[in-house]
Novice: 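Take a look at the following structure, please.
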Protein chains: 2
Amino acid sequence: MAKKSQEEIYKQLRERICLLHYPPGAVLSENTLAVEFGVSRTPVRSALQRLEFEGLVTSMQGVGTIVASVDLKFLKEVYALRMKLAELVGDLARPRVPHGTIAALKELLEECRQMTDHYDPDAIARLYNDFHEEMLNVIGNEPLRVISNQLYYQTARIWLQILPDLDWHREVKLTCDEIAAVIEALENEDMRAVARVRRDYMSSFLSRINSYLASADSRERIGS
Amino acid sequence: MAKKSQEEIYKQLRERICLLHYPPGAVLSENTLAVEFGVSRTPVRSALQRLEFEGLVTSMQGVGTIVASVDLKFLKEVYALRMKLAELVGDLARPRVPHGTIAALKELLEECRQMTDHYDPDAIARLYNDFHEEMLNVIGNEPLRVISNQLYYQTARIWLQILPDLDWHREVKLTCDEIAAVIEALENEDMRAVARVRRDYMSSFLSRINSYLASADSRERIGS
DNA sequence: CGTATACAAGTTGTATACAGGTTGGATTAT
DNA sequence: ATAATCCAACCTGTATACAACTTGTATACG
(Lines give C-alpha, C1' and ligand atoms only; values in the text may rest on other atoms or scores of the structure.)
Protein backbone atom coordinates (compact mmCIF):
# COMPACT_ATOMS: atom_id res chain seq x y z
CA MET A 1 0.00 0.00 0.00
CA ALA A 2 1.08 3.55 -0.67
CA LYS A 3 2.84 5.38 2.14
CA LYS A 4 0.51 7.01 4.59
CA SER A 5 1.21 9.48 7.32
CA GLN A 6 0.57 8.79 10.97
CA GLU A 7 -2.74 10.68 10.96
CA GLU A 8 -4.06 8.74 7.99
CA ILE A 9 -3.07 5.45 9.56
CA TYR A 10 -4.85 6.47 12.73
CA LYS A 11 -8.07 7.31 10.93
CA GLN A 12 -7.92 4.16 8.85
CA LEU A 13 -7.45 1.94 11.90
CA ARG A 14 -10.19 3.76 13.78
CA GLU A 15 -12.59 3.17 10.93
CA ARG A 16 -11.68 -0.49 10.71
CA ILE A 17 -12.32 -0.88 14.41
CA CYS A 18 -15.63 0.91 14.44
CA LEU A 19 -16.80 -0.92 11.30
CA LEU A 20 -15.89 -4.22 12.99
CA HIS A 21 -13.37 -5.02 10.31
CA TYR A 22 -11.27 -5.56 13.42
CA PRO A 23 -13.79 -7.00 15.89
CA PRO A 24 -13.36 -6.65 19.66
CA GLY A 25 -10.64 -8.99 20.84
CA ALA A 26 -8.84 -8.98 17.50
CA VAL A 27 -5.07 -8.99 17.82
CA LEU A 28 -3.24 -6.47 15.69
CA SER A 29 0.46 -6.72 14.89
CA GLU A 30 2.50 -3.59 14.46
CA ASN A 31 4.74 -5.40 12.00
CA THR A 32 1.89 -6.59 9.82
CA LEU A 33 0.31 -3.14 9.76
CA ALA A 34 3.67 -1.54 9.02
CA VAL A 35 4.10 -3.78 5.97
CA GLU A 36 0.54 -3.14 4.83
CA PHE A 37 0.88 0.65 5.06
CA GLY A 38 4.35 0.60 3.56
CA VAL A 39 6.04 2.28 6.53
CA SER A 40 8.09 1.18 9.51
CA ARG A 41 6.68 0.24 12.89
CA THR A 42 7.27 3.72 14.28
CA PRO A 43 4.36 5.66 12.73
CA VAL A 44 2.11 2.62 13.20
CA ARG A 45 2.99 2.61 16.89
CA SER A 46 2.12 6.30 17.15
CA ALA A 47 -1.30 5.68 15.66
CA LEU A 48 -1.89 2.69 17.93
CA GLN A 49 -0.82 4.61 21.01
CA ARG A 50 -3.31 7.32 20.16
CA LEU A 51 -6.01 4.67 19.81
CA GLU A 52 -4.92 3.31 23.18
CA PHE A 53 -5.24 6.73 24.83
CA GLU A 54 -8.76 6.93 23.46
CA GLY A 55 -9.59 3.47 24.78
CA LEU A 56 -10.06 1.66 21.48
CA VAL A 57 -7.15 -0.78 21.84
CA THR A 58 -4.89 -2.13 24.56
CA SER A 59 -1.23 -2.93 23.98
CA MET A 60 0.26 -5.82 25.92
CA GLN A 61 3.91 -6.67 25.73
CA GLY A 62 4.55 -10.12 24.36
CA VAL A 63 0.95 -10.50 23.29
CA GLY A 64 -0.07 -7.83 20.83
CA THR A 65 -2.37 -4.88 20.47
CA ILE A 66 -5.89 -6.01 21.24
CA VAL A 67 -9.04 -4.27 20.07
CA ALA A 68 -11.01 -3.30 23.16
CA SER A 69 -14.41 -4.76 23.77
CA VAL A 70 -17.19 -2.47 24.92
CA ASP A 71 -18.37 -3.73 28.26
CA LEU A 72 -21.94 -3.02 29.22
CA LYS A 73 -21.26 -0.75 32.18
CA PHE A 74 -18.95 1.46 30.18
CA LEU A 75 -21.41 1.57 27.31
CA LYS A 76 -24.15 2.86 29.58
CA GLU A 77 -21.85 5.42 31.16
CA VAL A 78 -20.79 6.74 27.79
CA TYR A 79 -24.37 6.99 26.61
CA ALA A 80 -25.51 8.67 29.83
CA LEU A 81 -22.79 11.24 29.26
CA ARG A 82 -23.38 11.64 25.54
CA MET A 83 -27.04 12.33 26.15
CA LYS A 84 -26.16 15.09 28.59
CA LEU A 85 -23.58 16.50 26.20
CA ALA A 86 -26.09 16.42 23.38
CA GLU A 87 -28.26 18.76 25.41
CA LEU A 88 -25.27 21.03 25.96
CA VAL A 89 -24.90 21.39 22.22
CA GLY A 90 -28.12 23.35 22.33
CA ASP A 91 -26.46 25.94 24.56
CA LEU A 92 -23.03 25.88 22.95
CA ALA A 93 -23.99 25.66 19.29
CA ARG A 94 -22.64 27.92 16.58
CA PRO A 95 -24.69 31.07 16.14
CA ARG A 96 -25.28 30.17 12.52
CA VAL A 97 -25.56 26.81 10.80
CA PRO A 98 -22.37 26.23 8.78
CA HIS A 99 -22.85 26.63 5.04
CA GLY A 100 -23.37 23.35 3.24
CA THR A 101 -24.36 21.36 6.29
CA ILE A 102 -28.03 21.14 5.42
CA ALA A 103 -27.27 20.21 1.83
CA ALA A 104 -24.90 17.46 2.99
CA LEU A 105 -27.51 16.14 5.40
CA LYS A 106 -30.12 16.03 2.64
CA GLU A 107 -27.79 13.93 0.54
CA LEU A 108 -27.23 11.58 3.45
CA LEU A 109 -30.96 11.35 3.99
CA GLU A 110 -31.47 10.40 0.36
CA GLU A 111 -28.73 7.78 0.59
CA CYS A 112 -30.28 6.42 3.73
CA ARG A 113 -33.71 6.10 2.18
CA GLN A 114 -32.26 3.99 -0.60
CA MET A 115 -30.89 1.55 1.94
CA THR A 116 -34.30 0.33 3.00
CA ASP A 117 -34.30 -2.61 0.63
CA HIS A 118 -30.60 -3.45 0.65
CA TYR A 119 -29.34 -5.05 3.85
CA ASP A 120 -25.86 -3.64 4.27
CA PRO A 121 -24.82 -2.89 7.86
CA ASP A 122 -21.41 -1.67 6.76
CA ALA A 123 -22.93 0.94 4.48
CA ILE A 124 -25.35 2.36 7.03
CA ALA A 125 -22.60 2.46 9.65
CA ARG A 126 -20.48 4.53 7.28
CA LEU A 127 -23.42 6.75 6.57
CA TYR A 128 -24.04 7.31 10.26
CA ASN A 129 -20.36 8.15 10.70
CA ASP A 130 -20.75 10.80 8.02
CA PHE A 131 -23.86 12.07 9.75
CA HIS A 132 -21.90 12.27 12.98
CA GLU A 133 -19.15 14.28 11.28
CA GLU A 134 -21.70 16.77 9.98
CA MET A 135 -23.25 17.13 13.41
CA LEU A 136 -19.85 17.98 14.86
CA ASN A 137 -19.78 21.03 12.63
CA VAL A 138 -22.72 22.67 14.36
CA ILE A 139 -21.01 22.50 17.76
CA GLY A 140 -19.69 25.95 18.57
CA ASN A 141 -17.40 24.88 21.38
CA GLU A 142 -14.14 23.32 20.26
CA PRO A 143 -13.33 21.20 23.30
CA LEU A 144 -16.90 19.91 23.32
CA ARG A 145 -16.46 18.99 19.66
CA VAL A 146 -13.33 17.00 20.40
CA ILE A 147 -14.93 15.24 23.35
CA SER A 148 -18.12 14.41 21.47
CA ASN A 149 -16.03 12.85 18.76
CA GLN A 150 -14.01 10.76 21.17
CA LEU A 151 -17.09 9.47 22.97
CA TYR A 152 -18.80 8.65 19.70
CA TYR A 153 -16.02 6.40 18.49
CA GLN A 154 -15.75 4.68 21.86
CA THR A 155 -19.16 3.09 21.42
CA ALA A 156 -20.05 3.44 17.75
CA ARG A 157 -19.35 -0.26 17.17
CA ILE A 158 -22.23 -1.38 19.35
CA TRP A 159 -24.84 -0.66 16.72
CA LEU A 160 -23.06 -2.79 14.14
CA GLN A 161 -22.56 -5.55 16.66
CA ILE A 162 -26.24 -5.98 17.36
CA LEU A 163 -27.62 -4.86 14.00
CA PRO A 164 -27.89 -8.43 12.64
CA ASP A 165 -30.36 -9.19 15.43
CA LEU A 166 -32.43 -6.04 14.99
CA ASP A 167 -35.17 -5.20 12.53
CA TRP A 168 -33.33 -3.80 9.52
CA HIS A 169 -36.25 -1.82 8.14
CA ARG A 170 -36.93 -0.27 11.49
CA GLU A 171 -33.29 0.71 12.02
CA VAL A 172 -33.10 2.31 8.58
CA LYS A 173 -36.35 4.17 9.16
CA LEU A 174 -35.23 5.46 12.56
CA THR A 175 -31.98 6.67 11.03
CA CYS A 176 -33.83 8.45 8.25
CA ASP A 177 -36.21 9.97 10.77
CA GLU A 178 -33.36 11.28 12.91
CA ILE A 179 -31.61 12.88 9.96
CA ALA A 180 -34.87 14.38 8.71
CA ALA A 181 -35.73 15.76 12.14
CA VAL A 182 -32.28 17.32 12.44
CA ILE A 183 -32.63 18.91 9.00
CA GLU A 184 -35.97 20.43 9.93
CA ALA A 185 -34.61 21.82 13.20
CA LEU A 186 -31.57 23.25 11.42
CA GLU A 187 -33.75 24.91 8.80
CA ASN A 188 -35.59 26.63 11.64
CA GLU A 189 -32.21 27.52 13.14
CA ASP A 190 -33.47 26.00 16.37
CA MET A 191 -30.36 24.53 17.94
CA ARG A 192 -32.14 23.40 21.07
CA ALA A 193 -34.48 21.40 18.89
CA VAL A 194 -31.46 19.80 17.23
CA ALA A 195 -30.10 18.91 20.64
CA ARG A 196 -33.44 17.49 21.72
CA VAL A 197 -33.71 15.33 18.61
CA ARG A 198 -30.23 13.93 19.11
CA ARG A 199 -30.87 13.15 22.76
CA ASP A 200 -34.18 11.48 22.03
CA TYR A 201 -32.69 9.22 19.37
CA MET A 202 -29.81 8.28 21.64
CA SER A 203 -32.35 7.42 24.32
CA SER A 204 -34.30 5.38 21.81
CA PHE A 205 -31.18 3.49 20.81
CA LEU A 206 -30.29 2.83 24.42
CA SER A 207 -33.69 1.29 25.07
CA ARG A 208 -33.34 -0.88 21.97
CA ILE A 209 -30.01 -2.07 23.33
CA ASN A 210 -31.61 -2.87 26.66
CA SER A 211 -34.39 -4.91 25.12
CA TYR A 212 -31.81 -6.66 22.97
CA LEU A 213 -29.88 -7.55 26.10
CA ALA A 214 -33.08 -8.67 27.78
CA SER A 215 -33.39 -11.52 25.30
CA ALA A 216 -31.30 -13.90 27.31
CA ASP A 217 -29.72 -16.07 24.67
CA SER A 218 -28.11 -13.15 22.88
CA ARG A 219 -26.55 -11.69 25.99
CA GLU A 220 -23.02 -12.93 25.35
CA ARG A 221 -22.61 -11.53 21.86
CA ILE A 222 -21.38 -8.20 23.16
CA GLY A 223 -18.65 -10.17 24.85
CA SER A 224 -16.42 -9.10 27.67
CA MET B 1 17.95 10.79 36.92
CA ALA B 2 16.68 7.29 37.62
CA LYS B 3 14.91 5.50 34.81
CA LYS B 4 11.25 6.32 34.56
CA SER B 5 8.53 4.66 32.59
CA GLN B 6 6.57 6.43 29.91
CA GLU B 7 3.62 7.10 32.22
CA GLU B 8 5.79 8.68 34.88
CA ILE B 9 7.53 10.87 32.32
CA TYR B 10 4.14 11.97 31.04
CA LYS B 11 2.88 12.96 34.48
CA GLN B 12 6.11 14.72 35.33
CA LEU B 13 6.06 16.78 32.14
CA ARG B 14 2.38 17.59 32.59
CA GLU B 15 3.06 18.87 36.09
CA ARG B 16 5.99 20.96 34.91
CA ILE B 17 3.81 22.52 32.25
CA CYS B 18 0.88 23.29 34.51
CA LEU B 19 3.17 24.66 37.23
CA LEU B 20 4.79 26.93 34.62
CA HIS B 21 8.16 25.31 35.15
CA TYR B 22 7.86 25.11 31.38
CA PRO B 23 6.05 28.34 30.49
CA PRO B 24 3.95 28.71 27.34
CA GLY B 25 6.23 29.00 24.34
CA ALA B 26 9.05 27.07 26.00
CA VAL B 27 10.91 24.79 23.61
CA LEU B 28 11.49 21.25 24.83
CA SER B 29 14.08 18.95 23.33
CA GLU B 30 13.44 15.22 23.22
CA ASN B 31 17.17 14.59 23.49
CA THR B 32 17.61 16.77 26.56
CA LEU B 33 14.62 15.18 28.29
CA ALA B 34 15.84 11.71 27.34
CA VAL B 35 19.20 12.39 29.00
CA GLU B 36 17.52 13.88 32.06
CA PHE B 37 15.19 10.92 32.56
CA GLY B 38 17.92 8.43 31.77
CA VAL B 39 16.12 6.82 28.84
CA SER B 40 16.22 7.02 25.07
CA ARG B 41 14.15 9.40 22.97
CA THR B 42 11.50 6.74 22.33
CA PRO B 43 9.61 6.79 25.65
CA VAL B 44 10.03 10.55 25.86
CA ARG B 45 8.43 10.88 22.43
CA SER B 46 5.50 8.74 23.56
CA ALA B 47 4.89 11.00 26.53
CA LEU B 48 5.18 14.13 24.39
CA GLN B 49 2.80 12.73 21.79
CA ARG B 50 0.24 12.10 24.48
CA LEU B 51 0.67 15.67 25.68
CA GLU B 52 0.21 16.78 22.08
CA PHE B 53 -3.05 14.82 21.73
CA GLU B 54 -4.28 16.58 24.85
CA GLY B 55 -3.30 19.97 23.47
CA LEU B 56 -0.55 20.86 25.95
CA VAL B 57 2.34 20.92 23.48
CA THR B 58 2.88 21.14 19.72
CA SER B 59 5.67 19.30 17.94
CA MET B 60 7.22 20.99 14.93
CA GLN B 61 9.80 19.27 12.79
CA GLY B 62 13.11 21.06 12.76
CA VAL B 63 12.04 23.36 15.58
CA GLY B 64 11.18 21.45 18.71
CA THR B 65 8.25 20.63 20.93
CA ILE B 66 6.65 23.86 22.04
CA VAL B 67 4.52 24.28 25.15
CA ALA B 68 1.13 25.52 24.00
CA SER B 69 -0.11 28.90 25.09
CA VAL B 70 -3.69 29.21 26.24
CA ASP B 71 -5.41 31.65 23.97
CA LEU B 72 -8.32 33.61 25.36
CA LYS B 73 -11.03 32.18 23.13
CA PHE B 74 -10.05 28.62 23.94
CA LEU B 75 -9.85 29.44 27.64
CA LYS B 76 -13.41 30.72 27.67
CA GLU B 77 -14.66 27.76 25.69
CA VAL B 78 -13.04 25.32 28.09
CA TYR B 79 -14.46 27.12 31.09
CA ALA B 80 -17.93 27.33 29.56
CA LEU B 81 -17.78 23.59 29.07
CA ARG B 82 -16.26 22.82 32.47
CA MET B 83 -19.01 24.76 34.20
CA LYS B 84 -21.64 22.73 32.39
CA LEU B 85 -19.81 19.50 33.16
CA ALA B 86 -19.54 20.48 36.81
CA GLU B 87 -23.31 20.58 36.93
CA LEU B 88 -23.46 17.15 35.33
CA VAL B 89 -21.38 15.78 38.19
CA GLY B 90 -24.39 16.38 40.36
CA ASP B 91 -26.40 13.94 38.25
CA LEU B 92 -23.62 11.45 37.58
CA ALA B 93 -21.96 11.36 40.99
CA ARG B 94 -21.15 8.22 42.91
CA PRO B 95 -24.00 7.07 45.13
CA ARG B 96 -21.72 7.27 48.15
CA VAL B 97 -18.78 9.53 48.89
CA PRO B 98 -15.58 7.48 48.57
CA HIS B 99 -14.01 6.62 51.90
CA GLY B 100 -11.21 8.95 52.89
CA THR B 101 -12.17 11.76 50.57
CA ILE B 102 -13.51 14.05 53.25
CA ALA B 103 -10.50 13.44 55.48
CA ALA B 104 -8.16 14.23 52.61
CA LEU B 105 -10.07 17.41 51.84
CA LYS B 106 -9.86 18.52 55.48
CA GLU B 107 -6.11 18.10 55.35
CA LEU B 108 -5.95 20.15 52.19
CA LEU B 109 -8.11 22.81 53.81
CA GLU B 110 -5.75 22.98 56.75
CA GLU B 111 -2.74 23.26 54.44
CA CYS B 112 -4.48 25.96 52.50
CA ARG B 113 -5.25 28.01 55.59
CA GLN B 114 -1.59 28.01 56.48
CA MET B 115 -0.75 29.53 53.13
CA THR B 116 -2.38 32.83 53.93
CA ASP B 117 0.79 34.47 55.13
CA HIS B 118 3.32 32.76 52.87
CA TYR B 119 3.23 33.90 49.25
CA ASP B 120 3.95 30.75 47.29
CA PRO B 121 2.03 30.37 44.01
CA ASP B 122 3.72 27.07 43.25
CA ALA B 123 2.51 25.56 46.52
CA ILE B 124 -1.09 26.63 46.16
CA ALA B 125 -1.15 25.43 42.57
CA ARG B 126 0.00 22.00 43.72
CA LEU B 127 -2.60 22.06 46.46
CA TYR B 128 -5.34 22.89 44.01
CA ASN B 129 -4.14 20.05 41.79
CA ASP B 130 -4.53 17.70 44.74
CA PHE B 131 -7.98 19.14 45.39
CA HIS B 132 -8.85 18.50 41.77
CA GLU B 133 -7.70 14.87 42.04
CA GLU B 134 -9.90 14.35 45.08
CA MET B 135 -12.88 15.86 43.30
CA LEU B 136 -12.41 13.42 40.43
CA ASN B 137 -13.06 10.59 42.85
CA VAL B 138 -16.63 11.66 43.51
CA ILE B 139 -17.50 11.49 39.82
CA GLY B 140 -19.42 8.28 39.24
CA ASN B 141 -19.09 8.29 35.48
CA GLU B 142 -15.72 7.11 34.17
CA PRO B 143 -15.66 8.87 30.80
CA LEU B 144 -16.76 12.08 32.51
CA ARG B 145 -13.90 11.64 34.95
CA VAL B 146 -11.38 11.30 32.14
CA ILE B 147 -12.78 14.29 30.31
CA SER B 148 -12.91 16.49 33.39
CA ASN B 149 -9.28 15.71 34.03
CA GLN B 150 -8.24 16.55 30.47
CA LEU B 151 -10.08 19.83 30.50
CA TYR B 152 -8.65 20.78 33.87
CA TYR B 153 -5.06 20.41 32.74
CA GLN B 154 -5.72 22.29 29.52
CA THR B 155 -6.29 25.53 31.41
CA ALA B 156 -4.93 24.97 34.92
CA ARG B 157 -1.90 27.15 34.14
CA ILE B 158 -3.95 30.29 33.76
CA TRP B 159 -4.35 30.79 37.48
CA LEU B 160 -0.59 30.64 38.06
CA GLN B 161 0.00 32.96 35.13
CA ILE B 162 -2.09 35.77 36.54
CA LEU B 163 -1.64 35.02 40.23
CA PRO B 164 1.23 37.53 40.66
CA ASP B 165 -1.19 40.29 39.64
CA LEU B 166 -4.05 39.15 41.86
CA ASP B 167 -4.68 39.71 45.56
CA TRP B 168 -2.89 36.79 47.25
CA HIS B 169 -4.94 36.87 50.45
CA ARG B 170 -8.16 36.94 48.51
CA GLU B 171 -7.14 34.02 46.28
CA VAL B 172 -6.11 31.92 49.26
CA LYS B 173 -9.34 32.73 51.04
CA LEU B 174 -11.45 31.86 48.01
CA THR B 175 -9.63 28.56 47.69
CA CYS B 176 -10.20 27.75 51.34
CA ASP B 177 -13.85 28.72 51.01
CA GLU B 178 -14.33 26.45 48.02
CA ILE B 179 -12.76 23.47 49.76
CA ALA B 180 -14.77 24.14 52.93
CA ALA B 181 -18.01 24.46 50.98
CA VAL B 182 -17.31 21.20 49.17
CA ILE B 183 -16.59 19.44 52.48
CA GLU B 184 -19.85 20.64 53.94
CA ALA B 185 -21.82 19.52 50.89
CA LEU B 186 -20.10 16.12 50.94
CA GLU B 187 -20.87 15.65 54.63
CA ASN B 188 -24.53 16.20 53.80
CA GLU B 189 -24.12 13.76 50.91
CA ASP B 190 -25.65 16.44 48.70
CA MET B 191 -23.91 15.93 45.38
CA ARG B 192 -25.90 18.61 43.63
CA ALA B 193 -24.67 21.06 46.21
CA VAL B 194 -21.10 19.95 45.46
CA ALA B 195 -21.74 20.54 41.79
CA ARG B 196 -23.23 23.97 42.49
CA VAL B 197 -20.27 25.01 44.60
CA ARG B 198 -17.79 23.96 41.95
CA ARG B 199 -19.68 25.77 39.22
CA ASP B 200 -20.00 28.94 41.27
CA TYR B 201 -16.30 29.05 42.02
CA MET B 202 -15.43 28.47 38.39
CA SER B 203 -17.74 31.31 37.49
CA SER B 204 -16.09 33.49 40.10
CA PHE B 205 -12.66 32.69 38.74
CA LEU B 206 -13.79 33.44 35.22
CA SER B 207 -15.00 36.88 36.23
CA ARG B 208 -11.70 37.56 38.01
CA ILE B 209 -9.93 36.65 34.79
CA ASN B 210 -12.14 39.01 32.88
CA SER B 211 -11.48 41.93 35.17
CA TYR B 212 -7.78 41.11 35.02
CA LEU B 213 -7.93 41.27 31.25
CA ALA B 214 -9.88 44.51 31.45
CA SER B 215 -6.84 46.23 32.93
CA ALA B 216 -5.35 47.14 29.60
CA ASP B 217 -1.64 47.13 30.34
CA SER B 218 -1.65 43.54 31.50
CA ARG B 219 -3.46 42.18 28.50
CA GLU B 220 -0.44 40.73 26.71
CA ARG B 221 0.86 38.66 29.60
CA ILE B 222 -1.31 35.71 28.64
CA GLY B 223 0.53 35.71 25.33
CA SER B 224 -0.64 34.56 21.95
C1' DC C 1 -1.25 -41.26 30.17
C1' DG C 2 -0.67 -36.92 32.53
C1' DT C 3 2.38 -33.30 33.89
C1' DA C 4 6.05 -30.37 34.11
C1' DT C 5 9.63 -28.12 31.60
C1' DA C 6 12.25 -26.16 28.09
C1' DC C 7 12.15 -23.69 24.01
C1' DA C 8 10.97 -21.43 19.68
C1' DA C 9 8.23 -18.06 17.47
C1' DG C 10 6.05 -13.86 17.77
C1' DT C 11 4.87 -9.61 20.13
C1' DT C 12 5.56 -4.99 22.24
C1' DG C 13 9.10 -1.78 24.53
C1' DT C 14 13.52 0.52 23.96
C1' DA C 15 17.78 2.21 21.93
C1' DT C 16 20.16 3.91 18.10
C1' DA C 17 21.15 5.41 13.34
C1' DC C 18 19.59 8.08 9.57
C1' DA C 19 16.58 11.32 6.78
C1' DG C 20 14.14 15.65 6.32
C1' DG C 21 13.50 20.24 7.91
C1' DT C 22 14.23 24.81 10.40
C1' DT C 23 16.91 28.48 12.22
C1' DG C 24 20.28 31.75 13.27
C1' DG C 25 24.73 33.41 12.55
C1' DA C 26 29.00 33.86 9.82
C1' DT C 27 30.45 35.33 5.43
C1' DT C 28 30.48 37.46 1.23
C1' DA C 29 28.94 40.59 -2.27
C1' DT C 30 26.89 45.05 -2.99
C1' DA D 1 27.42 49.60 6.50
C1' DT D 2 23.93 46.59 4.68
C1' DA D 3 21.70 42.97 2.58
C1' DA D 4 21.66 38.48 0.68
C1' DT D 5 23.44 33.85 0.87
C1' DC D 6 25.20 29.81 2.63
C1' DC D 7 25.98 26.54 6.09
C1' DA D 8 26.48 24.31 10.45
C1' DA D 9 24.02 22.96 14.45
C1' DC D 10 19.95 21.50 16.14
C1' DC D 11 15.34 19.64 16.00
C1' DT D 12 11.60 16.18 14.95
C1' DG D 13 10.09 12.12 11.92
C1' DT D 14 11.33 7.55 10.36
C1' DA D 15 13.69 3.16 9.93
C1' DT D 16 16.06 -0.52 12.00
C1' DA D 17 18.35 -3.40 15.54
C1' DC D 18 18.00 -5.28 19.98
C1' DA D 19 15.94 -6.39 24.69
C1' DA D 20 12.14 -8.10 27.46
C1' DC D 21 8.12 -10.64 27.70
C1' DT D 22 4.19 -14.01 26.54
C1' DT D 23 2.39 -18.17 24.69
C1' DG D 24 1.71 -22.42 22.49
C1' DT D 25 4.14 -26.60 21.46
C1' DA D 26 7.17 -30.21 21.62
C1' DT D 27 9.64 -33.05 24.62
C1' DA D 28 11.21 -35.36 28.57
C1' DC D 29 9.83 -37.24 32.83
C1' DG D 30 6.97 -39.16 36.57
Novice: May I ask you to evaluate whether A:S40 reaches the phosphate of D:dA15, defined as a side-chain N or O under 4.0 Å from OP1 or OP2?
Specialist: yes

Novice: With respect to the phosphate group of C:dT12, does any side-chain polar atom (N or O) of A:T65 fall under 4.0 Å of OP1 or OP2?
Specialist: yes

Novice: Nearest whole angstrom, please: distance from the P of D:dT14 to the CZ of B:R41.
Specialist: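 Distance check: B:R41 CZ to D:dT14 P gives 11 Å.
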
Novice: Angle between ring planes, A:F205 versus A:W159, binned at 30° and 60°: parallel, tilted or perpendicular?
Specialist: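 Rings of A:F205 and A:W159: perpendicular, as their planes differ by over 60°.
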
Novice: May I ask you to verify if any side-chain N or O of B:R45 is less than 4.0 angstrom from the OP1 or OP2 atom of D:dG13?
Specialist: yes

Novice: Do A:E142 and B:K73 meet the salt-bridge criterion of a basic N to acidic O distance under 4.0 Å?
Specialist: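 Salt bridge absent between B:K73 and A:E142.
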
Novice: Taking atom C1' of D:dG13 as reference, at what distance in whole Å does atom OH of A:Y10 sit?
Specialist: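 These atoms are roughly 20 Å apart.
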
Novice: Is A:K11 salt-bridged to A:E15, going by a charged N under 4.0 Å from an acidic O?
Specialist: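 No, A:K11 and A:E15 are not salt-bridged.
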
Novice: Between C:dT12, C:dT16, D:dT16, spot the one nearest the side chain of A:T42, thanks.
Specialist: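 Per side-chain heavy atoms of A:T42, the pick is D:dT16.
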
Novice: Quick check on C:dT11: is either OP1 or OP2 less than 4.0 Å from any side-chain nitrogen or oxygen of A:S29?
Specialist: yes

Novice: Any Lys/Arg nitrogen of B:D122 or B:R126 sitting under 4.0 Å from an Asp/Glu carboxylate oxygen of the other?
Specialist: yes

Novice: Return the polar atom pairs (N/O with N/O) between nucleotides 22-24 of chain C and the protein under 3.5 Å, or none.
Specialist:
none

Novice: Given atom CG of B:L28 and atom P of D:dC11, what is their separation to the nearest angstrom?
Specialist: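 Taking atom P of D:dC11 as the reference, CG of B:L28 is at 11 Å.
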
Novice: Please report the distance, rounded to the nearest Å, between CD1 in A:I9 and C1' in D:dA15.
Specialist: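 Whole-Å distance recorded here is 13 Å.
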
Novice: Would you mind checking if A:R198 and A:E134 are paired as a salt bridge, meaning a charged N to carboxylate O distance below 4.0 Å?
Specialist: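 Looking at A:E134 and A:R198, the cut-off is not met.
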
Novice: Under a 4.0 Å N-O cut-off, is there an ion pair linking B:R16 with B:E36?
Specialist: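 Yes, B:R16 and B:E36 are salt-bridged.
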
Novice: Within this structure, what is the CG-to-C1' distance between A:N31 and C:dA9, rounded to whole angstrom?
Specialist: 13 Å

Novice: Counting N and O atoms only, with roles assigned by atom type, does the side chain of B:N141 sit under 3.5 Å from a partner on the main chain of B:L92, one being a donor and the other an acceptor?
Specialist: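 The answer is no, because no donor-acceptor pair under 3.5 Å joins these two groups.
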
Novice: Which is true for B:L48 with a 4.0 Å heavy-atom rule: it touches a base, it touches only sugar-phosphate, or it touches nothing?
Specialist: nothing

Novice: What's the CD1-P distance between A:I66 and C:dG10, to the nearest Å?
Specialist: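 Checked: the CD1 to P distance equals 17 Å.
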
Novice: Starting from P on C:dT14, measure out to CD on B:E30 and report it in whole angstrom.
Specialist: 15 Å

Novice: Could you tell me the separation between the CZ atom of A:F37 and the C1' atom of D:dA15, rounded to a whole number of Å?
Specialist: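 So the CZ-C1' distance, A:F37 to D:dA15, works out to 17 Å.
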
